[in-house]
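Have a look at the structure below before the remarks.
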Amino acid sequence: MIKAGILSMQRIYNYGSFLQAYGLKKILEELGCKVEFVDYHAGKCLIESNQKTGLSRKISKAGEILKCKAPFKEKLKFIRYKKNYASNYYPILGITEENNFTPELDLLVIGSDEVFNCIQDNTNVGFSPELFGHGNKAKRLVSYAGSFGNTTFEKLEKYSVKDKVREYLSAFDAISVRDSNSGNIVHKLTGKEPVYNLDPVLAYDYMGKCSIPDISSDEKYLILYGYSGRFTENECSEIKKYAVKHKLKIYCIGGVQNVCDKFIDCEPFKVISCFKNAECIITDTFHGTIMSVITHSNFVSFVRSSGYGNTEKLTDLLSRLDLKNRIINNISELESMLDTKFDYDVTDKIISEEREKTYSYLKNQIGEIDGK
C-alpha cells in the first residue's frame with residue numbers, strides 16, 4: 001500500500017481547513033493510499049507582525065470577541081468552540097496532539113489551502129520552507145490545489161524571496177494549484193505550467209459520499225459565515241434589516257459577528273447540513289462560498305481587498321465555477337441579489353469534469369512512485 005502524507009493547514013481551527021483536509025484524505029484513500037497528515041514548523045514572518053503568541057494570543061483573541069456586540073451567551077459559545085476544537089475534530093482526521101514532522105513516505109502531497117502564502121503576518125505560518133517541501137523524506141513530492149493566497153509575484157520580489165521560492169518549487173515532481181495568481185507565480189518562477197484543480201471540498205463528493213446528518217430547525221434562518229468581526233457595522237446593520245424583513249434569524253457559523261441571534265457550534269458535517277437548510281448564505285470566505293455551492297444554496301460572497309484580503313482566491317473561484325454573479329460589491333445590493341434567482345446547472349457540470357481531473361491527476365502521481 002502506498003504511504004502518502006498530506007502537508008496542509010489541518011491544525012487551523014476552522015471548518016474549511018478541516019473539510020479540505022478530510023476531503024483530500026478520502027480521495028487518496030479511495031485511490032489505495034494509507035494516509036497520514038504531516039506538520040510543518042512555523043517560520044519567521046516576512047511582514048512585521050504585531051500578533052501575540054501562545055497564551056497571550058488566546059487571551060487577546062478572547063478579549064476581541066468579548067468586545068463584539070453579539071449576545072454574551074453567543075460569544076461564550078464561540079470561545080468554547082475554539083477551546084474544544086482540537087479535541088473534538090482532530091481525532092476525525094487521525095491527528096494527535098503530537099506533531100508529525102518529516103516522516104518517510106512514498107508520496108508527499110502539499111495542499112490544499114494557502115500552503116504557499118509565505119508573505120503574511122500570521123505567526124502560526126510565517127515563511128516556512130517545509131510548506132514548499134524542503135527537507136521532506138518522500139520518494140515523490142507533489143502539490144494539490146496549492147495556493148499562494150494573497151501573496152503575489154510582486155510581493156516575492158519586494159521581500160527578496162523570489163529565488164528561494166523558485167528553488168523550492170523546482171524540486172517538485174508535479175505542481176497543482178487552485179487559482180490563477182498561484183499558477184502565474186509558478187509559471188514565472190519555473191517556466192512550467194502547473195495543473196489547475198479544484199479545492200478538495202469541491203473535488204470530493206461530500207453530498208454523495210458522506211453521511212451528512214440531517215438537522216431540523218423550528219425557525220427560518222440565514223447564515224452569516226466569516227471570521228469573527230469581519231463584517232462591518234454598516235454591513236451588519238443592513239443584514240439585520242434584511243433578516244427582520246424576511247422574518248429570518250441570523251445564525252453565525254465559524255465566527256461571531258456584531259449581529260448574531262445564535263452562534264452555531266457543531267461538528268463539520270453538520271455545518272454542511274446547516275448550509276443546506278438555510279434560506280440564504282452571506283459570506284466573505286473561500287470555503288463558506290464552496291459550502292454554499294455544494295449545497296446549492298442561495299448566497300452572496302463579499303470580495304475584500306482591504307485587511308487580509310480575499311480578492312485573488314475568491315474572484316478566481318467564482319469565475320471558474322461560472323458564479324461571478326454571486327459577488328456582492330456593496331451591501332446595498334444585498335436584497336436584490338438574494339432575490340435574484342440563479343441555477344447551478346453549468347456549475348455542476350464544471351465540478352463533475354473537474355472531479356475527474358482531480359482523480360486522474362492524483363492517480364498519475366501515485367502511479368509514478370515506482371519509477372522514482
Side-chain angles (χ1 to χ4, degrees), residues 6 8-10 14-31 35 88-89 92-94 111-113 144-145 178 196-217 220-226 251 253-254 264-283 285-301 313-314 316-326 338 341-363:
I6 298 173
S8 187
M9 300 294 174
Q10 66 272 4
N14 71 58
Y15 292 122
S17 295
F18 174 95
L19 290 170
Q20 64 88 15
Y22 182 89
L24 184 54
K25 180 184 180 185
K26 296 300 288 186
I27 292 171
L28 288 170
E29 288 176 343
E30 287 179 15
L31 293 173
V35 182
N88 284 342
Y89 308 131
I92 302 174
L93 292 175
S112 179
D113 224 319
Y144 177 80
R178 73 183 189 192
Y196 285 84
N197 291 114
L198 292 181
D199 182 272
V201 187
L202 287 164
Y204 180 64
D205 184 6
Y206 269 97
M207 303 306 292
K209 294 179 177 178
C210 244
S211 292
I212 304 298
D214 194 21
I215 63 163
S216 58
S217 175
K220 291 185 176 182
Y221 62 91
L222 68 79
I223 288 177
L224 188 54
Y225 189 94
Y251 286 6
I253 303 181
I264 303 298
D265 179 6
C266 63
E267 53 101 1
F269 307 109
K270 284 188 177 179
V271 172
I272 295 176
S273 187
C274 288
F275 270 66
K276 182 180 178 182
N277 290 293
E279 297 300 311
C280 59
I281 316 293
I282 302 169
T283 186
T285 75
F286 186 82
H287 284 110
T289 299
I290 287 178
M291 283 189 278
S292 300
V293 171
I294 65 173
T295 55
H296 285 188
S297 298
N298 181 19
F299 78 99
V300 294
S301 292
K313 59 183 181 181
L314 203 46
D316 184 274
L317 171 70
L318 291 166
S319 296
R320 290 182 188 281
L321 298 178
D322 195 39
L323 288 171
K324 283 188 73 175
N325 62 349
R326 304 327 295 162
L338 289 176
K341 293 183 181 294
F342 67 101
D343 63 57
Y344 281 97
D345 292 346
V346 174
T347 300
D348 285 343
K349 184 178 179 181
I350 293 169
I351 292 173
S352 178
E353 293 171 351
E354 288 296 328
R355 283 176 177 167
E356 291 182 13
K357 280 180 57 180
T358 287
Y359 279 81
S360 177
Y361 170 77
L362 291 172
K363 186 176 181 180

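No hydrogens, no waters, no symmetry mates; every other heavy atom, side chains included, goes into these values.
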Under 3.5 Å: donor-acceptor pair, side chain of R178, backbone of D199: no
Any donor-acceptor pair under 3.5 Å from S8 side chain to S112 backbone: yes
Check: K25 side chain, V35 main-chain N or O, donor-acceptor pair, under 3.5 Å: no
Closest non-hydrogen atom pair, L24 against P200: N-CB, 3.7 Å
Residue pair I281 / S297: nearest heavy atoms and the distance that separates them: CG1-CB, 3.8 Å
Backbone N/O of L338 and side chain of N298: donor-acceptor pair under 3.5 Å: yes
Atom pair CD1/SG of I253 and C274 - distance to nearest 0.5 Å: 4.5 Å
Separation between CG of L323 and OG of S292, rounded to the nearest 0.5 Å: 10.0 Å
Any D205 side-chain heavy atom under 4.5 Å of R355 side chain: yes
Spatial distance of atom CG (L222) from atom OH (Y251) [nearest 0.5 Å]: 10.0 Å
N/O donor-acceptor pair under 3.5 Å between S352 side chain and D348 backbone: no
Side chain to side chain, E354 and L202, heavy atoms closer than 4.5 Å: no
Y89 to C266 - nearest heavy-atom pair and separation: OH-O, 3.0 Å
Validation row: I294, F275 side chains within 4.5 angstrom (heavy atoms): no
Salt-bridge criterion met for K209 and E30 (N-O under 4.0 Å): yes
Atom of T358, atom of A203 and distance for their closest heavy-atom approach: OG1-CB, 3.6 Å
Mutual orientation of the aromatic rings belonging to Y361 and Y144 [parallel < 30°, tilted 30-60°, perpendicular > 60°]: tilted
Electrostatic pair R320:D316 at N-O distance under 4.0 angstrom: yes
Close side-chain approach of I272 and M207, heavy atoms under 4.5 Å: yes
Heavy-atom pair with the smallest gap, counting every atom of L321 and T347: O-OG1, 2.6 Å
Y206 side, atom OH; K276 side, atom NZ - distance, nearest 0.5 Å: 16.0 Å
Nearest heavy-atom neighbours spanning G226 and T285: CA-CG2, 3.7 Å
Aromatic ring proximity, centroids under 6.0 angstrom, Y15 and Y225: no
Student check: side-chain heavy atoms of Y221 and N277 closer than 4.5 Å: yes
Pairwise side-chain contact, T295 with I212, heavy-atom cut-off 4.5 Å (strictly under): no
Within-4.5 Å side-chain heavy-atom neighbours: K26 and Y22: yes
Validation row: S301, L318 side chains within 4.5 angstrom (heavy atoms): yes
From L28 atom CG to K363 atom NZ, the distance as rounded to the nearest 0.5 Å: 13.5 Å
Derivation and outcome, side-chain contact (heavy atoms from CB on, under 4.5 Å), residues M291 and V271: CA-CA 9 Å; M291 283 189 278; V271 172; 3.8 Å; yes
Interatomic distance, L224 atom CG to I264 atom CD1 [nearest 0.5 angstrom]: 12.0 Å
